[in-house]
Visitor: 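Sharing a structure here in C-alpha cells format.
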Number of protein chains: 2
Amino acid sequence: MSSTRTRITEEADALIYRMGFATTSFGDIADEIGISRGNFYHHFKTKDAILAAVIERRLAATRALLTLWESEAPDPAGRIGRFIDILRTNRSKIMQDGCPVGTLCSELAKLDHPLLDQAAEAFTLFRVWLSAQFSALGHPDADCLALHLLARTQGIAVLLHSFRDPAFLERECATLHHWCDTLAPPPRENTACSSSP
Amino acid sequence: MSSTRTRITEEADALIYRMGFATTSFGDIADEIGISRGNFYHHFKTKDAILAAVIERRLAATRALLTLWESEAPDPAGRIGRFIDILRTNRSKIMQDGCPVGTLCSELAKLDHPLLDQAAEAFTLFRVWLSAQFSALGHPDADCLALHLLARTQGIAVLLHSFRDPAFLERECATLHHWCDTLAPPPRENTACSSSP
DNA sequence: GTCTATAAATAGATAGAC
DNA sequence: GTCTATCTATTTATAGAC
C-alpha cells in the first residue's frame, strides 16, 4: 500500500538515525528497500530533498506524540512527566543511537547545513509545548523552565549514548521527576532563570 | 620547529572539531597545512590512526587543564566552578561547533567506531576529577554528582549549539553555579542520586 | 515507475621517483 | 621526507531503454 516515496522516507529516517546523515548513502537506502539507485532519483532529486522529507516526517510524528500526551494526561504535571519518561521508553534506542533530535542537530550544525533550523524545529515543538505546561502550572518563567528541562534531557541522552549505563539513566530520570514534583505548585521561591531548579 | 606529524595532528584536531570526523578528508587536512596527500601517508597509515592521535592529544590537553585548575583553585568548590565556566569561556566555539567531547562521542557512537571508548575517556577524566572534588566536599555520592553535572553541561552545550542563544547559556550557568553553592556544605538533605540536586 | 548503464567527482590508500 | 602519479572503491547524479 505504501508508495515507494514513503518507503524511501521511512528507511532514510531509520538509517539517518542509526548511522548519521553524512554516512547514509543512496545506495544504503536503495539496498535496504530493494530498489535501484536510478529509480531513487525519480522520487527525490537530491540527498537534501530526502533529508527535508525525513525532518518533516519526524516533526509530524512529534506533533502527534504531543497531542497523544495531551489526551493521555489531562494535568500539566502528568504531561511533563510523560516527556521525562521518553528517556526511559526509548532507553535502548538512545543507548545505541542517541537522541534523534539532538544527534541530527549536532551533525547538521557541524556541516553548516541549511536544514539545521528545520531540524531544530523539533526542539522548538517540545519547548513550546513544555512551556505551555509550565505556564498552566502558574510559572511566569515557563519558557526558561522548558528550555532547562530540554537541556537536562539532552545531557542525559548524550551521556547515555556515550557510556551506555542504564543505572545512570534511572537515577537521572528519578531526579528529574523529583525536580518536577517540587516545581509543580505555583512559584514559591524557585524560578529557574535566576534561582535553583 | 613542530614536526609535520604534529602539524597534521593539530590541523586534524581543528578540522574534526569544526566539520566532524566522517566529513574531514585527508585532502582537507593536507590542503590546510600545505603538504601533498602522498606525504601524508608517511606519517599516518590510516584515517583512524589520525583520529587516535587527535584523541590522545585531546586527552593530554584535558589532563593539563585539570592540573591547571587544581593549581588555580585550591578549594573543591572553586574547582567545580572552573569546570562550569568552561561553557562561558568557550561560548563562541560551542555555539559554532558544540562540545568537542560530546559531538565526537556522538558521531563515533553512531559509526560504531572502535575508538568510541577512547574518545569517551575524556568524559571519564572530567568525571573522576569532579568526583574527587565532590568527595572533598564530603559528599558520599560524589560520582553520581559528577555524572549529573557532566550531563547538565552536555545538555547546555547541545542546545547552545542548536539554538545559538547566549542568554540561555548565561541563565543555565548561573543556575549551575547556584546548584553548586547550595551543594557546597557537606550533605544536608540533598543527595543527587535519590533527591533534588 | 523501474531498471541498467554510465558519468563526474571524491574518498582512502599505494608505488616509486627525487 | 616530500613529491607526483595512480589505483580502487564509493559517492551523488544523469541518460535512456523498458
Side-chain angles (χ1 to χ4, degrees), chain A residues 1-57 103-104 107-108 110-116 118-119, chain B residues 1-57 103-104 107-108 110-116 118-119:
Chain A
M1 265 304 296
S2 71
S3 68
T4 301
R5 187 192 155 92
T6 303
R7 277 163 57 221
I8 290 174
T9 308
E10 287 170 350
E11 198 55 47
D13 189 344
L15 284 174
I16 287 173
Y17 179 39
R18 200 194 316 152
M19 314 196 304
F21 173 66
T23 314
T24 299
S25 71
F26 286 12
D28 293 330
I29 305 169
D31 288 353
E32 203 75 25
I33 62 181
I35 64 168
S36 68
R37 276 176 299 164
N39 181 7
F40 209 94
Y41 287 86
H42 180 261
H43 302 281
F44 293 98
K45 289 189 177 161
T46 66
K47 196 181 177 185
D48 285 355
I50 299 177
L51 177 60
V54 167
I55 292 174
E56 207 42 67
R57 182 183 138 88
T103 54
L104 182 59
E107 182 177 6
L108 295 185
K110 216 150 262 223
L111 300 177
D112 260 318
H113 199 288
L115 286 175
L116 166 62
Q118 266 293 99
Chain B
M1 265 305 296
S2 70
S3 68
T4 300
R5 187 191 156 91
T6 304
R7 277 163 56 220
I8 290 174
T9 308
E10 287 171 350
E11 197 55 48
D13 189 343
L15 283 174
I16 287 173
Y17 179 38
R18 201 195 313 153
M19 315 195 303
F21 173 65
T23 314
T24 300
S25 71
F26 285 12
D28 293 328
I29 304 169
D31 288 353
E32 203 75 25
I33 61 181
I35 64 168
S36 68
R37 273 178 302 165
N39 183 5
F40 209 93
Y41 287 85
H42 180 263
H43 302 279
F44 293 97
K45 289 189 177 159
T46 66
K47 196 181 177 186
D48 284 354
I50 299 178
L51 177 61
V54 167
I55 291 174
E56 209 41 69
R57 182 183 138 86
T103 55
L104 181 60
E107 183 177 5
L108 295 185
K110 216 151 260 221
L111 299 178
D112 260 319
H113 198 287
L115 287 175
L116 166 63
Q118 267 293 101

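In what follows, chains are A, B, ... by sequence order, proteins preceding strands, each numbered from 1. Excluded from the calculations below are hydrogen atoms, water molecules and symmetry mates; all remaining heavy atoms, backbone and side chain alike, are included.
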Visitor: Give the rounded distance in Å between these two atoms: CZ of A:Phe40 and C1' of D:dT11.
Guide: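 Rounded to whole Å, this separation is 13 Å.
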
Visitor: Below 4.0 angstrom from OP1 or OP2 of D:dC3, is there any side-chain N or O of B:Asn39?
Guide: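 It does, given that an N or O in the side chain of B:Asn39 lies less than 4.0 Å from OP1 or OP2 of D:dC3.
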
Visitor: Can you tell me how far P of C:dA8 sits from CZ of A:Phe26, to the nearest Å?
Guide: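 Taking atom P of C:dA8 as the reference, CZ of A:Phe26 is at 19 Å.
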
Visitor: Nearest whole Å is fine: how far is D:dT10 P from A:Lys47 NZ?
Guide: 15 Å

Visitor: What nucleotide, of D:dA13, C:dA13, D:dG1, holds the atom closest to the side chain of A:Thr46?
Guide: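 Among D:dA13, C:dA13, D:dG1, the one nearest the side chain of A:Thr46 is D:dA13.
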
Visitor: What nucleotide among D:dT12, D:dT2, C:dT4 has an atom nearest to a side-chain atom of A:Ser36?
Guide: C:dT4

Visitor: In whole angstrom, give the distance that lies between atom CZ of A:Arg37 and atom P of C:dT6.
Guide: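 Atom-to-atom, A:Arg37 to C:dT6, this comes out as 13 Å.
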
Visitor: Nearest to the side chain of A:Ser25, which nucleotide is it out of C:dT4, D:dT12, D:dT2?
Guide: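 Given the options C:dT4, D:dT12, D:dT2, the side chain of A:Ser25 is closest to D:dT12.
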
Visitor: Please tell me which of the listed nucleotides, D:dT14, D:dT6, D:dC3, lies nearest to the side chain of A:Tyr41?
Guide: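 So the side chain of A:Tyr41 is nearest to D:dT14.
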
Visitor: Are A:Tyr41 and A:Phe26 close enough that their ring centers fall under 6.0 Å?
Guide: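 For A:Tyr41 and A:Phe26, the ring centres are under 6.0 Å apart.
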
Visitor: With a cut-off of less than 4.0 Å, is there a side-chain N or O of A:Thr4 near OP1 or OP2 of C:dG1?
Guide: no

Visitor: For the side chain of A:His42, starting at C-beta, report the closest nucleotide among C:dG1, D:dG1, C:dA13.
Guide: C:dG1

